[in-house]
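Only one structure is covered here, and it is reproduced in the block below.
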Amino acid sequence: MENKNKTYESATKRLYEIIDLIESGNVTLDDVNLLINEAKELIEFCYTTLDKTKGKLFQIKESLGKLEEE
């Protein structure tokens with residue numbers, strides 16, 4: 001999955017696909033290792049995306065608070 005086309009939603013969808021593949025038992029140990037590495041990257045992407053969104057929400061909240069004080 002390319003970074004420029006990656007969204008939070010597409011990353012979480014792929015994570016669920018990876019979980020299903022691993023749980024199916026129809027993948028080799030080598031494939032499981034590859035899938036785990038991919039999942040790790042996707043989780044990091046999701047965490048970063050959520051953290052950025054959280055920061056933006058706090059900025060908006062602070063801006064709204066300042067507006068109410070004026």
Side-chain angles (χ1 to χ4, degrees):
M1 184 177 293
E2 237 179 87
N3 278 347
K4 65 181 179 180
N5 295 327
K6 193 185 309 183
T7 64
Y8 178 83
E9 291 77 12
S10 65
T12 55
K13 179 181 177 190
R14 178 63 181 149
L15 281 168
Y16 283 109
E17 290 171 356
I18 290 170
I19 291 168
D20 288 342
L21 283 168
I22 293 171
E23 287 180 343
S24 76
N26 294 328
V27 290
T28 65
L29 185 57
D30 289 336
D31 288 340
V32 169
N33 285 324
L34 292 173
L35 291 168
I36 288 171
N37 288 331
E38 182 184 353
K40 179 182 177 261
E41 291 175 13
L42 291 167
I43 290 166
E44 289 171 353
F45 171 81
C46 289
Y47 177 80
T48 301
T49 302
L50 288 172
D51 199 43
K52 286 179 186 177
T53 303
K54 179 181 166 184
K56 289 177 186 177
L57 288 172
F58 280 126
Q59 288 175 346
I60 292 169
K61 183 179 176 185
E62 286 179 5
S63 295
L64 291 174
K66 289 177 183 175
L67 288 175
E68 290 176 0
E69 293 173 4
E70 294 178 353

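Taken to the nearest 0.5 Å, the NZ atom of Lys54 stands 7.0 Å off from the OH atom of Tyr47. In this structure, the separation between CD on Glu9 and NZ on Lys13 is 11.5 Å, given to the nearest 0.5 Å. Between atom CD1 of residue Ile36 and atom CG of residue Asp31 there is a gap of 11.0 Å, rounded to the nearest 0.5 Å. Distance check: Gln59 CD to Leu57 CG gives 9.5 Å after rounding to the nearest 0.5 Å.
You'll find the side chain of Phe45 stays beyond 4.5 Å of the side chain of Glu41, heavy atoms only.
Residues Leu34 and Leu42 do not share a hydrophobic cluster, clusters being chains of Ile/Leu/Val/Met/Phe/Trp/Tyr side chains in contact below 4.5 Å.
For the side chain to side chain contact (heavy atoms under 4.5 Å, CB included) test with Glu38, the passing option among Ile18, Ile43, Asn33 is Ile18; the others fail.
Remark: Lys40 engages Glu44 in a salt bridge (charged side-chain N to carboxylate O under 4.0 Å, His left out) (not counting sequence neighbours).
The hydrophobic cluster around Leu50 extends to Tyr8, counting ILVMFWY residues whose side-chain heavy atoms fall within less than 4.5 Å of a member.
Of all heavy-atom pairs between Cys46 and Leu15, the closest is SG-CD1, 4.4 Å.
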